[in-house]
Novice: 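Encoded as structure tokens, here's the structure I'll be asking about.
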Amino acid sequence: MKKPINSEQVSIDDSVNYLLNNQNQLSIETVWDRSKQQKTRCGFGEQGLCCHNCYMGPCRISPTGKGAQKGVCGAPAEVIVARNFARMVAGGASAHSDHGREVAKTLLLAAQHPDSDHSIKDSNKLKKVASTLGLSIQDRAKEDIAKEVAEILLAEFGQQEGELSFTKLAPVKRQELWRQLGVIPRGIDREIVEMLHRTSVGVDQEHQNIFLQACRTALADGWGGSMIATELQDILYGTPSPIRGEVNLGVLSESEVNIAVHGHEPAFSEMLVIASQDKELIDLAKKHGAAGINLVGICCVANEILLRHGLPVAGNVLQQELAIATGAVETMLVDVQCIMSSLPDVSQHYHTKVITTSPKAKIKGAEFLDISENNSLETAKKIIRDAILNFSHRNSVDIPKQKMDLVAGFSHEAINYMLGGRFRGSYTPLNDNIINGRIRGVAAVVGCCNPKIVHDQGHVSLVEELIANDILVVQTGCSATACAKAGFLTPESATKYAGSGLAEVCRAVGMPPVLHSGSCVDNSRLLIALSEMVKVGGLGDDISDLPVAGAAPEWMSEKAISIGQYFVASGVYVVFGIGMPVTGSSVFSHHIFEECEKILGGKWDVEEDTSQMAAKIIDHINHKREKLGISKGRKRVLYDMAMRRELKI
Ligand code: SF4
Ligand code: MSK
């Protein structure tokens, strides 16, 4: 019998604590158990000082201690740390970009086979993207335009020279800086491969040069692979606009057949959305004693179906095992990224079937279902039929009661429309409200959850303090789910939690003080929004002039490092919580935390304490306001313990 976890230390979300206490009795192992089993983490690894890039090693060095000062190949700390950091960027960029490649292939399929299960839903977005690519759109069928768009963007993965098309959406000054520094991305795959080459044994030995290629690789993600994923998903499945939904494990239904989708790529989830509304299948569910079919999401694919269909989100990354542990999930379908190997083990205790749908992500103990692009709707129907038949196999069901309303769907088009209206859609009102001081600035709070710290607390406490200080928060990924669970994503929360200026703007427009913009790849929406703010005018002529910042208080994935790096390379101040595996080299740390600001206008920071993180973001935004001459002497509203509400979900 394993020792019970003190659930109070685990999460601020009571649905998590409730289930963990139950699962302790059942001896089910979760991410928190395994995190605890790791005990103290390896200090070399935590600081980025362990290298296994060749078999003369692995080498671990102690630049400040008595051990080796260099790797066997002679690499000093700053080179080892820079290489490890850059390889994380490459890993993250590869994940987002491979996702983008699949979406481009699906668009090509939809264009070439209009009778396939995939079709073009948003023709306006298609025309907009085509115009960005310089294509003529007059008198052309949408399939014809889509084919050319898909072919051009697919070619950008293997492109050897030139510039990625979407980089021209950045402010002109930023593009010039990238060219001058030689970091404008040429081809998506090319930058990732070159990053891996340069960081293999005996190649790039200068940490600044490694960092620059890490910029180029990350830019190939943000302004390339991720942006392709987002823009083409909007064409295929619709551009999000504000939509109501519900979040947390309480969205699972006792009376309905629950099917959970988890991962990142929405192509197959979209088929399940259609199939779950099929009358024949709903009738079949009723015939088998269920009230209906309840399709829910976990992690980023949840954000995709939430933003486009208002479907419920069962939880963020650390809640995936617990969703099964409710005993109420008939089928969990997973595709790629952030899926724990433990899911089939957890499902052994219940009736849940775990199915993986990507040939890139097979999992021991999970059924692999090869989803052909040509029969995906039929396969989706079969999966739902099987889930219905599995409904009667439920044993004990224990669904926590916690769930919360939310409004999501703030694509940059939606923000534009919401602020400026149909005929004068523009970021001008946002800029005006920043200039007049009602809104102090904008912060993107994004990224994962990490069992090293109390689940959701970093996101919720940071965002609470930012909005109280009139900072408009935009969110993606698991961070958005955390804050949605805390109730920040409703228009009513403006009056409850936001400072008076931000609350006034939110009430006038009817928007929440925290805007949910989508999944991890949708951070690219934020890059476009920042560029639009520059283009509208009044806040400088580059992204680095804007009073904005980025944060990932509970990050864990290398995708988060790639996202952080493309924001830094785009001119944004980015602060991460928990720690960063670069601190083993004071030289490299100084470079990314200080020096790079002079080169890029953006820089990295790390801060474990969320109150300090809020203070740093507010100071940074105030500093940018001063430089723009719009500060009006605004100081941070000090957020003491008396003001801080008890953090609970
Ligand atoms: Fe050691 Fe250098 Fe090989 Fe890394 S590349 S394992 S530091 S010898
Ligand atoms: S899912 S990358 S845990 S945000 Fe995009 Fe969440 Fe981080 Fe995965």
Side-chain angles (χ1 to χ4, degrees), residues 31 44 48-63 67-84 87-88 91-96 99 196 198-205 210 221 226 229-230 261-266 297-304 306-307 313-320 334-340 444-451 455-456 458-459 475-484 516-524 551-564 576-578 584-585:
V31 64
F44 296 98
L49 284 169
C50 171
C51 178
H52 53 91
N53 291 6
C54 88
Y55 210 54
M56 289 192 285
C59 301
R60 42 184 220 176
I61 62 164
S62 328
Q69 304 292 300
K70 288 178 180 167
V72 176
C73 65
E78 64 271 20
V79 169
I80 290 178
V81 167
R83 287 195 306 217
N84 288 337
R87 282 189 165 221
M88 288 186 87
S94 75
H96 290 146
H99 172 167
L196 292 175
R198 286 211 211 176
T199 50
S200 63
V201 57
V203 188
D204 204 343
Q205 331 255 345
I210 295 169
D221 173 357
S226 281
T230 296
V261 289
H262 169 24
H264 282 77
E265 294 178 354
I298 293 174
C299 271
C300 276
V301 87
N303 294 323
E304 302 282 2
L306 164 70
L307 262 71
V313 177
N316 53 22
V317 63
L318 295 192
Q319 289 174 285
Q320 55 187 284
V334 301
D335 53 83
V336 289
Q337 300 167 25
C338 305
I339 295 142
M340 292 186 190
V445 182
V446 307
C448 324
C449 305
N450 189 322
H455 173 231
D456 288 344
H459 300 299
Q475 292 210 279
T476 60
C478 291
S479 184
T481 302
C483 291
H516 188 339
S517 294
S519 66
C520 293
V521 291
D522 292 337
N523 284 303
S524 61
E554 300 182 32
W555 78 280
M556 63 88 187
S557 168
E558 52 193 9
K559 291 182 285 171
I561 293 285
S562 180
I563 293 166
F576 270 34
I578 299 185
S585 163

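Just the heavy atoms: all of them, side chains too, but no hydrogens, waters or symmetry mates, feed the values below. Counting starts at 1 for both ligands and their atoms, in listed order. Nothing fancy with the numbering, it's 1 onward along the sequence. Just so it is clear, the structure is predicted and the values come from calculations on it, not from any experiment.
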Novice: Show which atoms of ligand 1 fall inside a sub-4.0 Å distance from at least one heavy-atom site of Val201.
Specialist: 5 (S)
Novice: Of all the atoms in ligand 1, which lie at a distance below 4.0 Å from a heavy atom belonging to Gly71?
Specialist: 7 (S)
Novice: How far is atom 4 (Fe) of ligand 1 from its nearest protein heavy atom, and which residue and atom is that?
Specialist: Cys51 SG, 2.3 Å
Novice: Should you measure from each heavy atom of Val317, which atoms of ligand 2 turn up under 4.0 Å away?
Specialist: 3 (S)
Novice: Please check if the number of heavy atoms outside Arg60 that lie under 6.0 Å from its CZ is greater than 12.
Specialist: no
Novice: What pair of heavy atoms forms the shortest contact from His459 to Gly447, and how long is it?
Specialist: CE1-O, 3.9 Å
Novice: Any idea which atoms of ligand 2 are less than 4.0 Å away from a heavy-atom of Met556?
Specialist: 3 (S)
Novice: If the cut-off is 4.0 Å to any non-hydrogen atom of Val72, which atoms of ligand 1 fall inside it?
Specialist: 1 (Fe), 8 (S)
Novice: Would you say Gln337 contacts ligand 2, with heavy atoms under 4.0 Å as the rule?
Specialist: no
Novice: Numbering the atoms of ligand 2 from 1, which are under 4.0 Å from a heavy atom of Cys299?
Specialist: 1 (S)
Novice: Assess whether side chain to side chain donor-acceptor pair (under 3.5 Å) is satisfied between His99 and Lys559, documenting all intermediate values.
Specialist: CA-CA 12 Å; His99 172 167; Lys559 291 182 285 171; over 6 Å; no
Novice: Where is the nearest protein heavy atom to atom 5 (S) of ligand 1: which residue, which atom, and how far?
Specialist: Arg83 NH2, 3.5 Å
Novice: With heavy atoms of Gly447 as the reference, note each atom of ligand 2 found under 4.0 Å away.
Specialist: 4 (S)
Novice: May I ask you to test the Leu306-His516 pair for a side-chain heavy-atom distance under 4.5 Å?
Specialist: yes
Novice: Under 4.0 Å from any heavy atom of Cys300, which atoms of ligand 2 are there?
Specialist: 1 (S), 5 (Fe)
Novice: For His264, run the side-chain contact (heavy atoms from CB on, under 4.5 Å) check against Gln337, His96, Glu304 and tell me which one passes.
Specialist: Gln337
Novice: Provide the closest heavy-atom pair for Cys449 versus Met556 in the form atom of the first, atom of the second, distance.
Specialist: O-CG, 3.5 Å
Novice: Answer yes or no for Cys59: is there an N/O/S atom below the 2.8 Å cut-off from atom 3 (Fe) of ligand 1?
Specialist: no
Novice: Can you tell me the protein heavy atom closest to atom 3 (S) of ligand 2 and the distance?
Specialist: Cys448 CB, 3.4 Å
Novice: With a heavy-atom distance limit of 4.0 Å, tell me whether Cys338 approaches ligand 2 through its side chain, its backbone, both, or neither.
Specialist: side chain
Novice: Which bit of Lys70 is near ligand 1, meaning a heavy atom under 4.0 Å away: side chain, backbone, both or neither?
Specialist: neither
Novice: Considering the heavy atoms of Gly57, write down every atom of ligand 1 situated less than 4.0 Å from one of them.
Specialist: 6 (S)
Novice: Find all atoms of ligand 2 within a distance of less than 4.0 Å from any non-hydrogen atom belonging to Cys478, and give their numbers and elements.
Specialist: 1 (S), 3 (S), 4 (S), 6 (Fe)
Novice: Return the minimal non-hydrogen interatomic distance between Asn316 and Asp456, and the atom names on each side.
Specialist: ND2-OD1, 3.1 Å
Novice: Applying side-chain contact (heavy atoms from CB on, under 4.5 Å), run through Thr481 and Asn303 and close with a yes or a no.
Specialist: CA-CA 8 Å; Thr481 302; Asn303 294 323; 3.8 Å; yes
Novice: Measure the distance from atom 3 (Fe) of ligand 1 to every protein heavy atom, then report the residue, atom name and distance (to 0.1 Å) of the closest one.
Specialist: Cys54 SG, 2.3 Å
Novice: How close do Cys448 and Cys478 get, counting heavy atoms only, and between which atoms?
Specialist: CA-CB, 4.0 Å
Novice: Of the protein's non-hydrogen atoms, which lies at the shortest distance from atom 8 (S) of ligand 1, and what is that distance?
Specialist: Cys73 N, 3.3 Å
Novice: Determine yes or no for a side-chain-to-main-chain donor-acceptor pair under 3.5 angstrom, with Gln69 supplying the side chain and Ser62 the backbone.
Specialist: yes
Novice: Which atom pair, heavy atoms only, marks the closest approach of Thr199 to Arg83?
Specialist: O-CD, 3.3 Å
Novice: Go through ligand 2 atom by atom and flag the ones less than 4.0 Å from a non-hydrogen atom of Cys520.
Specialist: 2 (S), 4 (S), 5 (Fe)
Novice: Find all atoms of ligand 2 within a distance of less than 4.0 Å from any non-hydrogen atom belonging to Lys559, and give their numbers and elements.
Specialist: 2 (S), 8 (Fe)
Novice: Are side-chain N/O atoms of Thr476 and Asp522 paired as donor and acceptor at under 3.5 Å?
Specialist: no
Novice: Grab the two heavy atoms, one from Val81 and one from Gly48, that are nearest each other, plus how far apart they are.
Specialist: CG2-O, 3.4 Å
